Amino acid sequence: MTQKNTEGDEMSNGSATTGPDQITGATPDNAIRNADRAKSGPMLAADGTTLKSSLNRALRRQKLRALMLIAPLLIFVLLTFIAPIADMLFRSVENQIVSDTLPRTVEALEEWDANSESLPEATTFKALYTDIFIAQERKLHTRLGSRLNYELTGVSSLFRKSGRKVEDMGEVYQDQFEDLNEYWEEAENWNAFLGSEEWLSAQTAWDEDGDAAQPAFEARPEMAELLPRTVTTFEIFADFVQNEEEDNLADEDPWALVYSALYDDLVNGADVSGYSGPGAAELQEAATAVADFETVDFPAAFEDIDKDWTDLAVWQTLKVYSPDFTSGYFLNSVDMQKTVDGPEMRPESEQLYIKLFIRTLFMSLVITGSCILLGYPVGYILSNLPAKTANLLMILVLLPFWTSLLVRTSAWKVMLQQQGVINDTLVWLGLVSDAGRLALINNQTGTIVAMTHILLPFMILPLYSVMKTIPPSYVRAAKSLGATNWTAFWRVYFPQSVPGIGAGSILVFILSIGYYITPEIVGGTTGTFISNRIAYHISSSLNWGLAAALGSILLAVVLGLYWAYDKIVGIDNVKLGG
């Protein structure tokens, strides 16, 4: 009994030390317990981090590698597609040339009622004198005149004439200051009179023949307070001489405008009695003498330059187009104009662009329809011929791509003219008389014929690629069930070819709506597109704002039609094959 009990105790102790709960190795029970413990805490990866963090890091690396692969294409698209469109949209509303060139005039016109029957105040004419004087020195007044000439004919010549004669107004004051004292004739005296001590030292030490840049003019602080108009004007003059003309400021006499500004400061009560710096005696002498100076009647002076300055329309145009951004270009694009009373339609004799937009859309649709009618049979034949024959004929379809667009268009110009091949053939066949030759060139007919020929391959290729995937057995099955040839084609074959028609139509329509070379050569006055007008404004009239507005509207129309096509047909149904 005792021996048995001892053996039983040993067995009991052995089973206690080797039971399933005491084994530390890989057992089913331990696996279950580890899974239970994992549920109560985050799962760890091999490197000790949480599994979620490890997966996120791996996904980020994958996304970064994918981004690096597409980065060249993305940059290319941004630079060649997105950036030009953004620039076009900005140019279609940008109008900063007026406020940048005539800042004082624009500010003065804010208080003027453009609907009144009276011209602006004399102070506005004086501001105009200052702005035009600075603009003509910088050769900016002609650009401004060209910009405003788009809105009011004759403004360009008005600004050119004013730029040539505006200096005469300032010379009235310049001559009187110089007659009063020779001190005001020398550039060095003006520099010492207005420049700070630090700048004068740097200017004196500057070597004109060296590589170092000329020290920028810095005004004397007390002079900026005493003669603010003079200092401001002289700073503009100094900046122009030093940075734009890159001349030595010490060798350049001040503009006549600076003398006008000095007169304004002195006549408006500048107290120079306490000033004791350079030129103090001459300044005090001038302050006493300006009361007897001859003055300039700026409204009358501008009227002497050109009577158009007394025309309310000129000032109203300046007022209307003074903001930095304008809707004027878009209004012009739809045959409207911006006036002081708001947008209004242009006279009927000046309306052009709406007709061009309608003509462009109409002719693009006609060209697209012509390509469908001509391209569908060709695609059908190619898709049902043996591969060897189809490939040979496909070369003929692609042959126009190997010929210059200009050559093809010029060839149509020769063929379509009244003494051309087509008319000669019709006369020879007796279909038309020699006196009744058809007018096929310089009109819409010539544009449609030439562009249909040019764009036809873009219709045939999608049609062929889609038709090639349609099993012939479908049509044979329909015929075996009693369908006629027409019913089998219309009910079975044609619906499967619609995706090819859709793809070809989009290609042809988008290409035709933006074409301008072919319409320019064979279209004449009635066969041109809106794109021809855009090209004209970009290359000839240089009205880039209007060209950008026309391009933006054309882009919006195309996107609108694309959206409508997607809603009606479904862009997912467009296929290029497969």
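What you see is a predicted model, and the numbers here were worked out from it, not measured in a lab.
Residues Leu546 and Tyr150 are not in side-chain contact: their nearest non-hydrogen atoms beyond the backbone lie 4.5 Å or more apart. Side-chain atoms of Val106 and Leu109, non-hydrogen and from C-beta on, never get closer than 4.5 Å to each other. Phe330 is not listed as a side-chain neighbour of Val334, based on a closest heavy-atom distance of 4.5 Å or more. Here the side chains of Arg164 and Gln136 are not in contact, with every heavy-atom distance at 4.5 Å or above. Side chains of Leu398 and Leu461 form a contact here, defined as non-hydrogen atoms less than 4.5 Å apart. For the pair Leu140/Leu144, no side-chain contact is recorded, criterion being any heavy-atom separation below 4.5 Å from C-beta on. Thr142 places none of its side-chain heavy atoms less than 4.5 Å from the side chain of Ser156. Using a 4.5 Å heavy-atom cutoff, the side chains of Asn442 and Lys413 are in contact.
When the side chain to side chain contact (heavy atoms under 4.5 Å, CB included) test is applied to Glu151, the partners found at least two apart in sequence or on another chain are Arg147, Thr317, Tyr321, Asn332, Arg346. Residues passing the side chain to side chain contact (heavy atoms under 4.5 Å, CB included) test with Phe489, sequence neighbours excluded: Tyr376, Trp486, Tyr493, Phe494.
Checked by atom type and distance alone, the side chain of Asn149 pairs as donor or acceptor with a backbone atom of Gly154 at under 3.5 Å. Side-chain atoms of Thr452 never come within 3.5 Å of backbone atoms of Ser370 as a donor-acceptor pair (strictly under, hydrogens ignored). A donor-acceptor pair under 3.5 Å links the side-chain atoms of Thr360 to the main chain of Ile530, judged by distance alone. Judged by distance alone, with hydrogens and angles left aside, the side-chain atoms of Thr409 form no donor-acceptor pair with the main-chain N or O of Leu406 at under 3.5 Å. Thr484 places a side-chain N or O within 3.5 Å of a backbone atom of Thr487 that can act as its donor or acceptor partner. Judged purely by atom type and a 3.5 angstrom limit, Glu137 has no side-chain atom pairing as donor or acceptor with the backbone of Phe133.
For the pair Leu440 and Ile422, the tightest heavy-atom approach, listed with the atom from each and the gap, is CD1-CG2, 3.9 Å. Pairing each heavy atom of Gln418 with each of Leu438, the nearest pair is CG-O, 3.6 Å. For the pair Cys371 and Leu456, the tightest heavy-atom approach, listed with the atom from each and the gap, is O-CD1, 3.6 Å. In plain terms, the two heavy atoms of Met345 and Gln337 that are nearest each other are O-NE2, 4.0 Å. Taking both residues in full, the closest heavy atoms of Pro462 and Leu507 are given as CG-CD1, 3.9 Å, listed atom of the first, atom of the second, then distance. Nearest heavy atom pair, residue Phe529 against residue Tyr515, reads CD2-O, 3.8 Å.
If you check the side chains of Ser480 and Arg476, you find no donor sitting under 3.5 Å from an acceptor.
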Side-chain donor-acceptor distances from residues 381-389 under 3.5 Å, at least two apart:
unit_1: Ser383; atom_1: OG; unit_2: Gly379; atom_2: O; d: 3.1
unit_1: Ser383; atom_1: OG; unit_2: Tyr380; atom_2: O; d: 2.9
unit_1: Asn384; atom_1: ND2; unit_2: Tyr380; atom_2: O; d: 2.7

Distance-only criterion, 3.5 Å: show the donor-acceptor pairs between side-chain atoms of residues 73-88 and protein atoms not counting sequence neighbours.
unit_1: Thr80; atom_1: OG1; unit_2: Phe76; atom_2: O; d: 2.6
unit_1: Asp87; atom_1: OD2; unit_2: Arg91; atom_2: NE; d: 3.1

Show me, pair by pair, the donor-acceptor contacts under 3.5 angstrom made by side chains of residues 534-541, not counting sequence neighbours?
unit_1: His537; atom_1: ND1; unit_2: Ser541; atom_2: OG; d: 2.8
unit_1: His537; atom_1: NE2; unit_2: Tyr353; atom_2: OH; d: 2.8
unit_1: Ser539; atom_1: OG; unit_2: Ala535; atom_2: O; d: 2.7
unit_1: Ser541; atom_1: OG; unit_2: Asn543; atom_2: N; d: 3.4

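Atom CD1 of residue Ile132 and atom OG1 of residue Thr105 lie 7.0 Å apart, to the nearest 0.5 angstrom. In this structure, CG in Asp424 is found 11.0 Å from CE in Met415, a value given to the nearest 0.5 Å. Rounding to the nearest 0.5 Å gives a distance of 9.0 Å between CG of Leu158 and CG of Leu152. Between Ser512 atom OG and Ile454 atom CD1 the span is 11.5 Å, to the nearest 0.5 Å. How far CZ of Arg138 is from CD of Glu245: 10.5 Å, rounded to the nearest 0.5 Å. Put simply, CG on Asn443 and CD1 on Ile441 are 7.5 Å apart, with the number rounded to the nearest 0.5 Å.
No more than 12 heavy atoms of other residues, nucleotides or ligands lie within 6.0 Å of CH2 in Trp544, so this atom counts as exposed by the packing criterion. Taking a 6.0 Å sphere around CH2 of Trp428, one finds it holds 12 or fewer heavy atoms contributed by other residues, nucleotides or ligands. Counted within 6.0 Å of CD on Gln96, heavy atoms from surrounding residues, nucleotides or ligands total more than 12; the atom is thus considered enclosed. Counting non-hydrogen atoms of other residues, nucleotides and ligands closer than 6.0 Å to CD of Glu344 gives a total above 12. Atom CZ of Arg408 is surrounded by more than 12 heavy atoms from other residues, nucleotides or ligands within 6.0 Å. Remark: Phe240 CZ is packed, more than 12 non-hydrogen atoms of other residues, nucleotides or ligands lying under 6.0 Å away.
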Glu350 and Asp335: side chain to side chain contact (heavy atoms under 4.5 Å, CB included), yes or no, with the steps?
CA-CA 7 Å; Glu350 299 179 10; Asp335 296 327; over 6 Å; no
Assess the residue pair Thr518 and Trp412 against the criterion (side chain to side chain donor-acceptor pair (under 3.5 Å)); give the C-alpha distance rounded to whole Å, side-chain angles, the decisive distance to 0.1 Å, and a yes or no.
CA-CA 10 Å; Thr518 302; Trp412 276 111; over 6 Å; no
Derivation of the side chain to side chain contact (heavy atoms under 4.5 Å, CB included) call for Met451 and Ile448:
CA-CA 5 Å; Met451 288 188 62; Ile448 292 172; over 6 Å; no
Where do Val414 and Val421 land on the side chain to side chain contact (heavy atoms under 4.5 Å, CB included) test, with the steps shown first?
CA-CA 8 Å; Val414 173; Val421 177; 5.5 Å; no
Between Leu463 and Val378, does a side chain to side chain contact (heavy atoms under 4.5 Å, CB included) hold up when you go through it step by step?
CA-CA 9 Å; Leu463 283 171; Val378 175; over 6 Å; no
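A salt bridge is absent between Arg160 and Asp306: the closest approach of a Lys/Arg side-chain nitrogen to an acidic carboxylate oxygen does not fall below 4.0 angstrom.
A side chain to side chain donor-acceptor pair (under 3.5 Å) check over residues 522-534, counting only residues at least two apart or in different chains, returns the pairs Arg359-Thr528, Glu520-Asn532.
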